[in-house]
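The structure appears below as structure tokens.
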Amino acid sequence: MSILEVLLDDGVHTHAEYRGGLANHLPMALVALHGLGAPDSRLQSFASAYGAKLEPAPPAVDWPPGEPWKDRFGDPAAWPAYRALFAQWLVHEGRDAVLPQVLPALMPGCGAAAFHGLIRTAYAVASGHTGELADGLAYWACRFLPLPEAGEHGREDDPGAVIDALRTAMAPWQSDAGLIVDRMQAAAGHPAFAQHTARLRVGDATLAALARLALERFADGGDFTVLHLATASHALRLLLPFIDEPLPALRSFWVAAAAAAASVRERPPLPPLATLPDWPEIVERAIASDDEHVVKLVHTCREQHAAYGWDACRRAAARAVQPG
């Protein structure tokens, strides 16, 4: 058994959140570190340091027999019951049968916990760890975030242009909420939101366009919300093969992405990167970092670079690991 499997097994003892609603990033960071080639000792030391701030898992709760599985979407208290439900479901039917059933239902709430349900589920799929997959799906379900439905008759193909127009229409609106997900929800409630998101013609190229946009804008500005949009875009790319009809899922993701982008707070631009390290140096810095977001983003950037070859991937990764 690999050290990654051992450490993910230990996740049964920890809660999905800590400190009043912050997402437990440990399993995602461990999968990312493993993907970056970190040695076992680094996975162990990261888990030890990060695990010290986590909270114990609540007592196990069985899913009530006969209760429809979607009935407790968005109920944070349902996480123990959902993790039991998904664990049993995966054991009986297997990942490749379960995901095509549950992902289409979960995608309309894909902004859950600032995309962390989506991301944790995708990383669990990449790891091949069934228990972690059950926990990721459970977190997504219990933090399900309903947002306005996307239109089906948009005529514009550039999500960046639509987002910029939306932000202009919403100005000078800005949310003071502390959590990304609360700012997303507030942005989605703005009168201009649904009208503008309906302008995009969502199609096969939309996910790649959003992924590239997020990487480019993070490379230029280093915004924390945009970082989540970059890692979420990578996560959805990993999960799309399990969704038989991807277009509704892409529409849901577009709305959540637009809510995230519209919620970004205005800030002064960052100076350009003085140097652009090569990948080995970037990866080395990420593996040494104690910041789970740096680890995840660099992993995302390298995976997206392998898939698409964009220069923005290395620029975004370099921005993430630069000192200060």
Side-chain angles (χ1 to χ4, degrees), residues 1-18 22-61 79-99 102-103 106 112-143 231-232 234-239 242 283 286-287 289-300 302-303:
M1 182 179 290
S2 72
I3 188 63
L4 178 62
E5 292 176 286
V6 171
L7 293 173
L8 291 178
D9 281 347
D10 287 345
V12 71
H13 303 297
T14 55
H15 204 295
E17 294 182 338
Y18 67 104
L22 297 178
N24 173 2
H25 285 63
L26 182 56
M28 296 177 279
L30 291 173
V31 173
L33 282 168
H34 179 77
L36 290 171
D40 290 356
S41 59
R42 179 57 184 142
L43 269 69
Q44 289 176 310
S45 64
F46 189 97
S48 178
Y50 191 94
K53 62 185 177 184
L54 297 179
E55 298 174 7
V61 176
W79 184 67
Y82 266 124
R83 73 193 306 219
L85 170 70
F86 286 121
Q88 293 172 8
W89 200 344
L90 288 163
V91 166
H92 287 296
E93 297 189 26
R95 182 197 72 178
D96 292 352
V98 171
L99 290 180
V102 303
L103 291 179
L106 289 170
F115 299 104
H116 286 118
L118 167 68
I119 299 167
R120 185 167 177 177
T121 296
Y123 280 31
V125 169
S127 74
H129 193 280
T130 301
E132 174 55 22
L133 180 55
D135 284 1
L137 290 168
Y139 190 43
W140 190 344
C142 81
R143 282 296 186 184
T231 51
H234 169 227
L236 182 55
R237 181 171 68 78
L238 298 181
L239 294 180
F242 298 97
V283 169
I287 289 173
S289 175
D290 293 326
D291 187 330
E292 65 273 22
H293 293 97
V294 169
V295 173
K296 287 169 54 194
L297 182 64
V298 171
H299 172 64
T300 282
R302 201 171 70 154
E303 292 293 302

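We're numbering straight along the sequence, starting at 1. Not measured: the values here are computed from a predicted model.
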Among residues at least two apart in sequence or on other chains, which ones pass side chain to side chain contact (heavy atoms under 4.5 Å, CB included) with Ala87? Ala134
Applying side chain to side chain donor-acceptor pair (under 3.5 Å) to Trp89 and not counting sequence neighbours gives Glu93
Rounded distance (nearest 0.5 Å) linking atom CD of Glu17 with atom CZ of Arg143: 4.0 Å
Over all atoms of both residues, closest heavy-atom pair of Ala29 and Val295: O-CG1, 3.8 Å
Non-neighbouring partners of Asp40 that pass side chain to side chain contact (heavy atoms under 4.5 Å, CB included), sequence neighbours left out: Ile3
For Thr14, check side chain to side chain contact (heavy atoms under 4.5 Å, CB included) against everything at least two apart and list the hits. Asn24, Leu54
Set of side chain to side chain donor-acceptor pair (under 3.5 Å) partners for Arg42, sequence neighbours left out: Ser45, Asp290
Partner set under ring-ring contact (aromatic ring centres under 6.0 Å, His included) for Tyr139, not counting sequence neighbours: none
Work out which heavy atom in Leu239 is nearest to a heavy atom in Leu103; give both atom names and the distance. O-CD1, 4.0 Å
Which residues pass the side chain to side chain donor-acceptor pair (under 3.5 Å) test with Asp9, not counting sequence neighbours? His129
How long is the span from the CG atom in Leu36 to the CD atom in Glu303, to the nearest 0.5 Å? 8.0 Å
Leu118 and Ala232 have their tightest heavy-atom pair at CD2-O, 3.8 Å
On a heavy-atom basis, which atom in Pro80 and which in Pro58 lie closest, and how many Å separate them? CG-CG, 3.3 Å
Salt bridge (Lys or Arg N to Asp or Glu O under 4.0 Å) involving Glu292 - partner list, sequence neighbours excluded: none
For His293, check ring-ring contact (aromatic ring centres under 6.0 Å, His included) against everything at least two apart and list the hits. His25, Phe224, His228
Residue set satisfying ring-ring contact (aromatic ring centres under 6.0 Å, His included) with His299, at least two apart, ordered chain then number -> Tyr123, His234
Salt bridge (Lys or Arg N to Asp or Glu O under 4.0 Å) pairs touching residues 79-92, sequence neighbours excluded, are Arg83-Asp135
Going by the rule side chain to side chain contact (heavy atoms under 4.5 Å, CB included), which residues pair with Ser2 if we only count those two or more places apart in sequence or in a different chain? Leu4, Glu5
Ile287 versus Gly37, closest heavy-atom pair with distance: CD1-C, 4.1 Å
Any non-hydrogen side-chain atom of Leu133 less than 4.5 Å from a side-chain atom of Val98? no
Please answer whether the main-chain N or O of Gln44 pairs with a side-chain N or O of Ser48 as donor and acceptor at a distance below 3.5 Å. no
So, Trp140 side chain and Leu106 main chain: donor-acceptor pair closer than 3.5 Å or not? yes
Hey, does Leu238 have a side-chain heavy atom less than 4.5 Å from the side chain of Thr121? no
Side-chain contact, heavy-atom cut-off 4.5 Å: Leu43 with Phe46? no
Distance check, rounded to the nearest 0.5 Å: Thr231 atom OG1 versus His116 atom NE2? 6.5 Å
Minimum side-chain heavy-atom gap Val61-Trp79 below 4.5 Å: no
Once you round to the nearest 0.5 Å, how far does CD of Glu132 lie from CG of Leu26? 9.0 Å
